[in-house]
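Heads up, the thing below is written out as structure tokens.
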Amino acid sequence: MAAPRVRFCPAPSGWLHVGSARTALYNWLHARGRGGVFVFRIEDTDAERATTESMQGMVAAMRWLGLDWDEGPDVDGPYGPYLQSERAPLYAAVARRLLAAGVAYEAFETPEELAAERERARAEGRPPGYSGAHRELSEERRAAYRAEGRLPVLRVRTPDEGEIGFDDVVRERVTFAWRDVPDFVILRADGTATYPLANTVDDLAQGITLVARGEDLLASTPRQQHLGALLLADDGSGRSLLDAALAEVGFPARPTDWGPVAAYAHLPMMVGPDRKKLSKRHGAVAVDEFRRQGFLPEVLVNLLALCGWSYDGRTEQLSVDELVRYFSFERVGRNPALFDADKLRAFNGDAIKALPPEALADRLVPYFSAAGLVADPPGTAERELLGRLAPLLSERIQTLAEAPPLVAFCFHDEVSYDDKAVAKHLKGRAGEVLDEALPALEEVEPWNHEAILAVFDGLCEKLGLGRGKVMQPVRVAVAGTAVSPPLPETLAVLDRATVVERIRAARALVQE
RNA sequence: GCCCCCGUCAUCUAGCUGGCCUAGGAUACCGGCCUUUCAAGCCGGCGGCGCGGGUUCGAAUCCCGUCGGGGGCACCA
């Protein structure tokens, strides 16, 4: 069997959200796991909603996730263009031929009339789909409508009876009754193509073998199958209607062995905590938001993979390579998938812990820049400091964005003291502790955490205090807060002069 | 209203060609140990087959019904 060709084709409105990202991922995994081709197509046929910012955002999000494409924006490929806005001539040519062939017809109802009709149907308990009223309009009627200033849409006529079935890797055999599939619009009144047309044409023109998409598109499959058959049928010239249209507008021809879409995979809906289709009102749903919150792309990918798919039910933390090896649509379930944000955090924390310190430091850079703690790009000393902090941060953060606040005091010249920490720890014998710690730390050699710990232990013995009583005042003096990474290590990361200066300054805050 | 899908611990799920399931894993939560704060780590615990029938020696697994949830029925995709 030939290598699979799959695609991801978002409409560029808004950000790439996790539901779409999951669809993209499954397609990508399928392609990468079996030497296939991953096509990234932008479905910007709806000028009302599509924006270039959104498109750029989606491209960036895909890159960040590591989902690279073989054909698509910035990459090109043999069956482009990959922006539907640039494929308008093809859709128009196909539509003309469909009209000429008598399988599509002009319908003159206005959007308002159709909406009113839908409303009426709903109120009367009838199915709200288009009635087919303009199927057989006479030449005169059409002229009359035009004279009224009406512009027609182009609709494709669907069969009135019988049923259609297709194979779905997730849902097995799916069938629909044709009487439940109303005639559908392929060209808007302004002449632009709608999703059923553009999507069907492109899947065929780009040789897509498996269409994997959200379950919300399941019901549109019959009409796309129908249209697809129309496009691939011989138009009387010895080639298919699609091939003729392709040639007419000078688009790349299709290899002769390309057939119709062989199979579908309709993915279970991703839902929010309220069990409704996941959307912006459920909070963080944009991939970019997860990036900003400090999640590792490979972990997001891992969790996304688990939304509807599982490997064996017990192995859940999987690397991208493992996902590529193990993923298959056969193991995709049919029940709605709820994105488990808690598990994402937990897995992210695990992945951070598993990162070598230098790698973690690299990943932290953008977050420290964003927090204004280091320059962008960071200076040599800043980057070096991050490198020494990384091992201390590693086991106490779950997201990269949690790191900066934890060690901000290492980057500020002035310590900002937390009132509660001061009140709680800079009192009683704290003055005594600081007075003893100061000279000891000024002299200790070498300036490393082992020696510093020895200093504290010496103080404990001398003052007859526990480590907590000794270290907390120093911690507050140096960090300004009662919580910080382990103290000896933290002090060792800072230079001695800074530590000494801070202890001296904090001495004045101690309430005797 | 019509068509389609789904229903296992708090959450995500494995299991669903019936017995290996006194239902497994993960996350969350609770407890213990460790401990210089916060974490981390280790050990332990809590906790579920929506409901009702049926088939069967035996059902989470098959059938019927019921209830609940979701998706679709656009000149959006």
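Reminder, nothing fancy here: chain letters follow the sequence lines and each chain counts from 1.
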- Note on the structure: Regarding the side chain of Ala346(A), the nearest nucleotide among G71(B), U27(B), C3(B) is U27(B)

- Task: Please tell me if the side chains of Phe327(A) and Trp309(A) come closer than 4.5 Å, counting only heavy atoms from C-beta onward.
- Result: yes

- Task: Check if the side chain of Arg396(A) and the base of C38(B) share a donor-acceptor pair of N or O atoms closer than 3.5 Å.
- Result: yes

- With a non-hydrogen cut-off below 4.0 angstrom, is Asp190(A) in contact with a base, only sugar-phosphate, or nothing? nothing

- Message: Applying a 4.0 Å non-hydrogen cut-off, can you work out what Lys469(A) is touching in the nucleic acid: base, sugar-phosphate, or nothing?
- Response: nothing

- Task: To the nearest Å, give me how far apart CG (Leu406(A)) and C1' (U37(B)) are.
- Result: 11 Å

- Message: Under 4.0 Å, counting only non-hydrogen atoms across every strand here, what does Pro336(A) touch: a base, just sugar-phosphate, or nothing?
- Response: sugar-phosphate

- Contact class for Ala11(A) vs. all strands (heavy atom < 4.0 Å): base, sugar-phosphate, or nothing? sugar-phosphate

- Query: Please give, in whole Å, the distance from A77(B) P to Arg223(A) CZ?
  - Reply: 10 Å

- Message: Give me the distance, rounded to whole Å, that separates G18(B) from C30(B) when you measure between the C1' atoms they each carry.
- Response: 37 Å

- Task: Flag the pair Glu113(A) and Arg150(A) as a salt bridge only when some basic side-chain nitrogen lies within less than 4.0 angstrom of an acidic carboxylate oxygen.
- Result: yes

- Task: Answer yes when Arg173(A) and Asp167(A) have at least one side-chain N-carboxylate O distance shorter than 4.0 Å, and no when they do not.
- Result: yes

- Message: Taking only side-chain N and O atoms of Arg118(A), does any of them lie within less than 4.0 angstrom of OP1 or OP2 on G1(B)?
- Response: no

- Query: If you look at every strand shown and take non-hydrogen atoms under 4.0 Å, does Val185(A) touch a base, only sugar-phosphate, or nothing?
  - Reply: sugar-phosphate

- Item | Whole-Å P distance, U8(B) and A14(B) | 10 Å

- Indicate the ring-plane relationship of Phe108(A) and His134(A), choosing parallel, tilted or perpendicular according to the 30° and 60° boundaries. tilted

- From CG of Leu355(A) across to P of A40(B) the rounded distance in Å is 17 Å

- C38(B) versus C20(B) - spacing of their C1' atoms, nearest Å: 45 Å

- Given G41(B), G1(B), C75(B), which nucleotide is nearest the side-chain atoms of Asp350(A)? G41(B)

- Does the side chain of Val169(A) reach to within under 4.5 Å of the side chain of Glu330(A), using non-hydrogen atoms? yes

- Candidate nucleotides A14(B), U13(B), A28(B), ranked by approach to the side chain of Arg331(A) - the nearest: A14(B)

- Task: Ignoring backbone atoms, establish whether Arg171(A) has a side-chain N or O less than 4.0 Å from OP1 or OP2 of C6(B).
- Result: no

- Starting from P on A14(B), measure out to CG on Leu318(A) and report it in whole angstrom. 14 Å

- Item | Closest listed nucleotide, where the reference is the side chain of Thr45(A) and the choices are U36(B), A77(B), G1(B) | A77(B)

- Which part of the nucleic acid, if any, lies within contact of Pro485(A), taking any heavy atom under 4.0 Å across all strands shown: a base, the sugar-phosphate backbone alone, or nothing? base

- 5' precedence on RNA chain B between Arg49(A) and Ala219(A) (nearest-nucleotide basis): Ala219(A)

- Please say whether the positively charged group of Arg22(A), taken as NZ for Lys or CZ for Arg, lies over the ring of Tyr26(A), i.e. under 6.0 angstrom from the six-membered ring centre and within 45 degrees of the axis. yes

- Message: Taking A10(B) as the reference, what is the distance to C6(B) when you measure between their P atoms (whole Å, please)?
- Response: 23 Å

- Could you check which of A77(B), G41(B), G70(B) has an atom nearest any side-chain atom of Leu217(A)? A77(B)

- Item | Gly294(A) backbone acceptor or donor facing Asn348(A) side chain under 3.5 Å | yes

- Item | Per Glu215(A) side chain, nearest of listed nucleotides C75(B), U36(B), G71(B) | G71(B)

- What nucleotide among U36(B), C5(B), A39(B) has an atom nearest to a side-chain atom of Glu489(A)? U36(B)

- Quote, to the nearest angstrom, the C1' distance that separates G25(B) from G47(B). 14 Å

- Query: Gly313(A) or Leu187(A): which one's nearest nucleotide on RNA chain B is closer to the 5' end?
  - Reply: Gly313(A)

- When you measure from the side chain of Leu218(A), which nucleotide among C4(B), U27(B), C76(B) comes out closest? C4(B)

- Query: Which is true for Phe347(A) with a 4.0 Å heavy-atom rule: it touches a base, it touches only sugar-phosphate, or it touches nothing?
  - Reply: sugar-phosphate

- Message: Taking C42(B) as the reference, what is the distance to U27(B) when you measure between their P atoms (whole Å, please)?
- Response: 10 Å

- Message: Please name the nucleotide paired to C2(B) by Watson-Crick or G-U wobble geometry with both distances under 3.5 Å, or report none.
- Response: G72(B)

- Glu316(A) near the nucleic acid: base, sugar-phosphate alone, or nothing, with a heavy-atom cut-off under 4.0 Å? base

- Have a look at Arg155(A) and say if it touches a base, only the backbone sugar-phosphate, or nothing, with a 4.0 Å heavy-atom cut-off. sugar-phosphate

- Would the number of heavy atoms belonging to other residues, nucleotides or ligands and lying under 6.0 Å from CZ of Arg179(A) be above 12? no

- Message: By the 4.0 Å heavy-atom rule, please label Glu124(A) as base, sugar-phosphate, or nothing.
- Response: nothing

- Query: Among C12(B), C73(B), G15(B), which is the nearest nucleotide to the side chain of Lys343(A)?
  - Reply: C12(B)

- Task: Inspect the contact between Arg126(A) and Glu117(A) and indicate whether a charged nitrogen and a carboxylate oxygen are less than 4.0 angstrom apart.
- Result: yes

- Query: Can you tell me the Watson-Crick or wobble partner of G7(B), both distances under 3.5 angstrom?
  - Reply: C67(B)

- Out of C12(B), G7(B), C2(B), whichever nucleotide has its closest atom nearest the side chain of Leu338(A): C12(B)

- Message: Taking Arg213(A) first and then Asp203(A), would you say they form a salt bridge - that is, a charged N and a carboxylate O separated by under 4.0 Å?
- Response: no

- Would you say U37(B) has OP1 or OP2 under 4.0 Å from some side-chain N or O of Arg475(A)? no

- Query: Hey, does the side chain of Arg467(A) come within less than 4.0 Å of U36(B)'s phosphate (OP1/OP2), counting only N and O?
  - Reply: yes

- Task: Take the protein atom CG of Asp202(A) and the nucleotide atom C1' of A77(B), then report the distance between them rounded to whole Å.
- Result: 13 Å

- Item | Value in whole Å for how far the P atom of U13(B) lies from CG of Asp340(A) | 9 Å

- Taking atom P of U36(B) as reference, at what distance in whole Å does atom CG of Leu487(A) sit? 12 Å

- Query: With sugar-phosphate meaning primed atoms plus P, OP1 and OP2, does Ala121(A) contact a base, only sugar-phosphate, or nothing at under 4.0 Å between heavy atoms?
  - Reply: nothing

- To the nearest angstrom, the CG-C1' distance between Asp168(A) and G71(B) comes to 14 Å

- Message: If the cut-off is 4.0 Å, is Ser310(A) near the phosphate of A14(B), judged by side-chain N/O to OP1 or OP2?
- Response: yes

- Scan every strand shown for a Watson-Crick or G-U wobble partner of U35(B), both distances under 3.5 Å, and answer none if you come up empty. none

- Query: Which part of the nucleic acid does Pro268(A) contact within heavy-atom distance under 4.0 Å: base, sugar-phosphate only, or nothing?
  - Reply: nothing

- Pick the C1' atom in C46(B) and in C9(B), then give their distance to the nearest Å. 10 Å

- Base paired to C21(B) (Watson-Crick or G-U; both N/O distances under 3.5 angstrom): none

